[in-house]
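Structure record follows, encoded as structure tokens.
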Number of protein chains: 2
Amino acid sequence: MTASYTYNRPSRVSDEARSKVLTAAVQLGYGGPDASARSLRRGSTRALGVVMGEHLSYAFEDPQAASFLAGIADVCADAGYCMTILPITGASDDAARIPSAAVDGFIVWTTSDDDPILQAIQAMKRPAVVHGGPAIPGLGLVGIDNRAAAHAVGAVAFAGAERPAVVSFPLSRARIGTIMHGADARDVLFPVTRERLEGYRQAAEEIDIAWHRVPIGVCAHNDAAEAERITATLLSLPEPPDAIAAMSDEQAAGVVRAAVAAGRAIPDDLAITGWDDAATASHLGLTTVAQSLREQGAACARVALGEAPNPPAAPWSVVRRGSTRH
Amino acid sequence: MTASYTYNRPSRVSDEARSKVLTAAVQLGYGGPDASARSLRRGSTRALGVVMGEHLSYAFEDPQAASFLAGIADVCADAGYCMTILPITGASDDAARIPSAAVDGFIVWTTSDDDPILQAIQAMKRPAVVHGGPAIPGLGLVGIDNRAAAHAVGAVAFAGAERPAVVSFPLSRARIGTIMHGADARDVLFPVTRERLEGYRQAAEEIDIAWHRVPIGVCAHNDAAEAERITATLLSLPEPPDAIAAMSDEQAAGVVRAAVAAGRAIPDDLAITGWDDAATASHLGLTTVAQSLREQGAACARVALGEAPNPPAAPWSVVRRGSTRH
DNA sequence: CTGTTAGCGCCTTCAG
DNA sequence: CTGAAGGCGCTAACAG
């Protein structure tokens, strides 16, 4: 029909025919091409699917996740693509929601090795990318070298320390909060957490501290309040730590609060490092790992759009501030 | 075909036929029903469209917007609906992206009276709701009574003051930052801003200050740094304000910084109020307007799903803290 | 510049 | 419990 051209290539239709179509459309209450029918016919939905953590609303609770999404949004807006966030709830039917999403490609926020979402996405045979990890055959991977970064920031955190400790993200999707010593990498199912712990381990061993002697405060969530509580516990141990490397600036902010409450001087009594170089890190003068989640989000979107090949590992750097020993 | 039943009503198919279908599917590389075709046939996409401000990435830069989105996410996750954020860029083709979105309903973050998006959505004849305003015939409206809330918090801000002032959101989508006196409501195209200014006006007039004598620092964006700069300018006026009502806690945080930099005591030299009761408000001890953007987001989602009628105006309250006079 | 044809993949309806 | 038919609304490709 000429009607289709009227909407899709107006120039291919005479002014007369076009206005006839348009007036008829108004009379019939026709509001333009139907998006689903168009997607079916074209074979493209012009939407990117985003899977954020174990519950959809997580996307809007973690400030780093928000930066990441903003990066995706920048690229989607330029490309005219919708950003479709999938309704993940943590229930067993999550994987079934992957194939029923009308999207051209997928972006997955870092998850655990055993997350069934990953297989479901792999089976879709559409462009897809994982942020942070795990690496999955057939899917792209965007992120920094977490082990190297943890090694580097851990070396700064633990410099001059005798009793280093770590405040960690959870080890698995069970999200058990606990205090342990020298986590075994095989028990750690979140690859980002695993790599960072391995990096901290290297840093500890370089100051001649055996990993099994390093206390690790494992938090169930990335949350300042929980980090504060677990730090208070660490500081009340018989041999309290004199350096703590945390996995986010959020957590580090909680560590700082607990240190202040316990009367510790920073960095002399307790050196502290964060991760991400968020606004709170510069406010608090935290030594931290700088990376751009926004740029990484944009990179993910380009891969999921099929616009770019999988990029090389993203850049990072250690930002030294007053929370560590010179 | 039996194949369709195999995926949609497995119980309606014998075990034998089902496994035959499933093995054939694997051999043919068939990954289950196609989402677009299913949407076309069913007449429903199981996705909600969200329009956030003038550029898609705005959604992830404003912390209040994040709360609002989290509320939408809660409801979408429960309903198994995707949340589709539309690629709005501020360009002239934004309105064209409304009809091409494959969604069952629309949620619009507060915008200006003259935003062409609104007409485009009205024309879609699908469930749709606007947060904050403007009110559009045929669309739902969710939000608080901004005028009443501004009147109430303004009364607290201006109590005992002689030279009240306001730090405001922009008046129109042109987003011009300026200092003016007693804005004319007719020039204010953002209804939320307009209503709040009217409320502050009432509060000023109740302490016998004519509105045209009240300086208004109009910021282009909701941003602490800009509020800080404009407050510095206000405080350097020949008759500097001794009370400032801001339109967000973000802005109020900037006002506080400028006040401290100018050596003003809070609240004695300068009373300050914010809006939203964000975390920063309790950190800074700000008097503010409490409202739940998260609950309002959820209410919007229920309306856009057609699950609920348009709710009554959302609750709010004034939270008094140390930033205002006794 | 305009008109026609032929499906995209699915699922509701009806018959076996 | 299984099979067949038909059409949702659209647009690529091909005539005229």
Side-chain angles (χ1 to χ4, degrees), chain A residues 1-47 49 80-82 84 96-105 120 123-127 306, chain B residues 1-47 49 80-82 84 93 96-106 120 123-127 306:
Chain A
M1 291 259 207
T2 304
S4 181
Y5 290 121
T6 302
Y7 289 95
N8 293 304
R9 293 206 224 304
S11 60
R12 200 192 184 292
V13 166
S14 68
D15 286 0
E16 194 194 357
R18 179 155 18 109
S19 59
K20 262 203 278 188
V21 169
L22 258 20
T23 51
V26 171
Q27 287 186 341
L28 298 168
Y30 176 82
D34 175 87
S36 297
R38 172 180 274 179
S39 296
L40 174 59
R41 182 65 239 246
R42 299 227 248 234
S44 159
T45 58
R46 298 185 69 77
Y81 266 59
C82 288
T84 293
R97 291 178 171 181
I98 299 298
S100 70
V103 299
D104 292 348
M124 295 298 293
K125 309 211 167 140
R126 290 201 231 272
Chain B
M1 291 251 201
T2 303
S4 181
Y5 290 122
T6 301
Y7 289 94
N8 293 304
R9 293 206 222 308
S11 61
R12 201 189 184 296
V13 167
S14 68
D15 287 359
E16 193 195 358
R18 180 154 20 107
S19 59
K20 261 203 279 188
V21 169
L22 259 20
T23 51
V26 171
Q27 286 186 344
L28 298 167
Y30 176 80
D34 176 86
S36 296
R38 173 180 270 178
S39 295
L40 173 60
R41 182 63 237 247
R42 298 229 248 236
S44 159
T45 59
R46 298 184 70 78
Y81 266 60
C82 288
T84 294
D93 61 346
R97 292 178 170 179
I98 299 298
S100 70
V103 299
D104 292 348
F106 293 92
M124 295 299 292
K125 309 209 167 141
R126 289 201 233 273

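Naming: A, B, ... by sequence-line order, numbering from 1 per chain.
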- Item | Any donor-acceptor pair under 3.5 Å from A:R38 side chain to B:A102 backbone | no
- Query: When rounded to the nearest 0.5 angstrom, what is the spacing between CG in B:D93 and CD1 in B:I98?
  - Reply: 11.0 Å
- Message: Heavy atoms from C-beta onward define the side chain here; which of C:dG9, D:dG9, C:dC11 lies closest to that of A:R41?
- Response: D:dG9
- Would you name the heavy atoms of B:P99 and A:G31 that are closest together and state the gap between them? CB-O, 4.1 Å
- Message: Which heavy atom of A:Y7 sits nearest to which heavy atom of A:G32, and what is that distance?
- Response: CE2-CA, 3.9 Å
- Which part of the nucleic acid does A:Y7 contact within heavy-atom distance under 4.0 Å: base, sugar-phosphate only, or nothing? nothing
- Of all the choices, C:dC10, C:dC8, D:dT11, which nucleotide is nearest to the side chain of A:L40 once you look at every atom? C:dC8
- If you check the B:D34 side chain, which of C:dC10, D:dC10, D:dT11 turns out closest? C:dC10
- Task: Drop me the distance from A:S39's OG to A:R46's CZ, to the nearest 0.5 angstrom.
- Result: 10.0 Å
- Task: Find the bend of the helix from C:dC1-D:dG16 to C:dG16-D:dC1 as the angle between its two terminal axes (five pairs each), to the nearest 10°.
- Result: 30°
- Query: Do the side chain of B:T45 and the main chain of B:D104 share a donor and acceptor less than 3.5 angstrom apart?
  - Reply: yes
- Atom-to-atom span, CZ of B:R38 to C1' of C:dC10 - whole angstrom: 9 Å
